[in-house]
Amino acid sequence: MAHVFISAGTKGLGKQVAIYFLKRGHPVTMSYFQDQSAVMKLRKEMPDDEHLMHFVQGDVTKEQDVQRMVQEAKEKHGPVLTLICNAGPYVFERKSLASYSTEEWNTMIHGNLSSVFHFFKACVNGMREAHFGRIITYGFQDAPNAPGWVERSAFAAAKTGLVSLTKTIAMEEASYGITANMVCPGDISGSMKEAFIAESSQALKAAPVGRAGTGEDIARAVGFFASEDSGFVTGTVLEITGGENVVYQKTTK
């Protein structure tokens, strides 16, 4: 089973992705920033898979941390053949571009765009040697069209850049058996990030398809991109929104 690395894999959407692969017998390395309690919670929830889990602590906005985390992962479970760049800082407070500090801007760009470059560099040689690799990044609805997103400027700029980076990786690494694809989650918030689809009927807010989106919805899409069956699928951006328009809910001030 391919060794899976999931950045920010201990909670939120990343947790459901981790559970997906653990249930299928993959060794999974999950990075986390500071929240040790999330690590302990996942261990308690899946005691039978303890031998498959590996946790590494670090800051994805820092190149040295990324390199160290991947090296620790390799030492534990061998080369990373499935890289899931789930981590990505987000500014929950709505604010205009003029209101951003340089530090906030850099955090958004480094965490959502530069970190993928650093993870890619740390993992690509092992994938090339195996002649198999799966790289999955995260975007947002309509990201391939580089839309303006009012009061989400830095995040949107980083993610639209990531679309191009993902597609470029797909082209450059295709001959090595490596694919690169992007998933774009819709409005999946709060407890629904860690929820299973069976729990979606309990949510108060439903998408046009008639239920709320869940972390399991994202995990299923990531799982397909990571599978051997998806070898002819690369450079693809997949929106998982339940028919809901997220970006254009607020286009003017």
Next item on the list: On the 0 to 90° scale, with breaks at 30° and 60°, tag the Tyr90-Phe155 ring pair as parallel, tilted or perpendicular.
Entry: perpendicular

Quick one: [atom1] on [X] to [atom2] on [Y], what's the gap to the nearest 0.5 Å?
{"X": "Ile218", "Y": "Ile136", "atom1": "CD1", "atom2": "CD1", "answer": "12.5 Å"}
{"X": "Ser31", "Y": "Asp65", "atom1": "OG", "atom2": "CG", "answer": "10.0 Å"}
{"X": "Glu216", "Y": "Met192", "atom1": "CD", "atom2": "CE", "answer": "10.5 Å"}
{"X": "Glu151", "Y": "Glu93", "atom1": "CD", "atom2": "CD", "answer": "9.5 Å"}
{"X": "Lys15", "Y": "Thr10", "atom1": "NZ", "atom2": "OG1", "answer": "8.5 Å"}
{"X": "Met182", "Y": "Tyr138", "atom1": "CE", "atom2": "OH", "answer": "11.0 Å"}

Taking C-beta and beyond as the side chain, do [X] and [Y] meet within less than 4.5 Å on heavy atoms?
{"X": "Tyr20", "Y": "Val222", "answer": "no"}
{"X": "Met127", "Y": "Glu173", "answer": "no"}
{"X": "Met69", "Y": "Phe5", "answer": "yes"}
{"X": "Ser230", "Y": "Arg134", "answer": "yes"}
{"X": "Ile197", "Y": "Asp217", "answer": "yes"}
{"X": "Val39", "Y": "Asp35", "answer": "no"}
{"X": "Gln141", "Y": "Cys184", "answer": "no"}
{"X": "Met108", "Y": "Pro89", "answer": "yes"}

Note to self: Between Lys11 and Glu194 (salt bridge meaning N to carboxylate O under 4.0 Å), is one present in this structure?
What the structure shows: no

Least distance between heavy atoms, [X] atom then [Y] atom:
{"X": "Glu244", "Y": "Asp187", "result": "OE1-CB, 3.8 Å"}
{"X": "Ala195", "Y": "Thr214", "result": "O-CB, 3.4 Å"}
{"X": "Ala158", "Y": "Asn112", "result": "CB-CB, 3.7 Å"}
{"X": "Val80", "Y": "Ala73", "result": "CG2-CB, 4.4 Å"}
{"X": "Val4", "Y": "Ile84", "result": "CG1-CD1, 3.7 Å"}
{"X": "Ala226", "Y": "Thr82", "result": "CB-CG2, 3.8 Å"}

Checklist line | Criterion side chain to side chain contact (heavy atoms under 4.5 Å, CB included) against Met30, the qualifying member of Leu42, Asn86, Val56 | finding: Leu42

Item checked: Name of the residue among Glu72, Gln67, Lys74 meeting side chain to side chain contact (heavy atoms under 4.5 Å, CB included) with Val70 -> Lys74

Notebook entry, point to check: Cationic tip of Lys95 within the cone over Tyr100's six-membered ring, i.e. under 6.0 Å and within 45° of the normal?
Noted result: yes

Checklist line | NZ or CZ of Arg220 within 45° of Phe224 ring axis and under 6.0 Å | finding: no

Using a 3.5 Å distance criterion without hydrogens, assess whether the side chain of [X] forms a donor-acceptor pair with backbone atoms of [Y].
{"X": "Thr234", "Y": "Ala180", "result": "yes"}
{"X": "Lys193", "Y": "Leu13", "result": "no"}
{"X": "His26", "Y": "Ala2", "result": "yes"}

Check: If you measure only the distance, is there a donor-acceptor pair under 3.5 Å linking the side chains of Tyr32 and Gln36?
Finding: yes

Notebook entry, point to check: Would a hydrophobic clustering, with Ile, Leu, Val, Met, Phe, Trp and Tyr connected at side-chain separations under 4.5 Å, put Leu81 with Phe21?
Noted result: no

Note to self: Are Ile6 and Phe196 linked, directly or through intermediate hydrophobic residues, by side-chain heavy-atom contacts shorter than 4.5 Å (ILVMFWY only)?
What the structure shows: yes

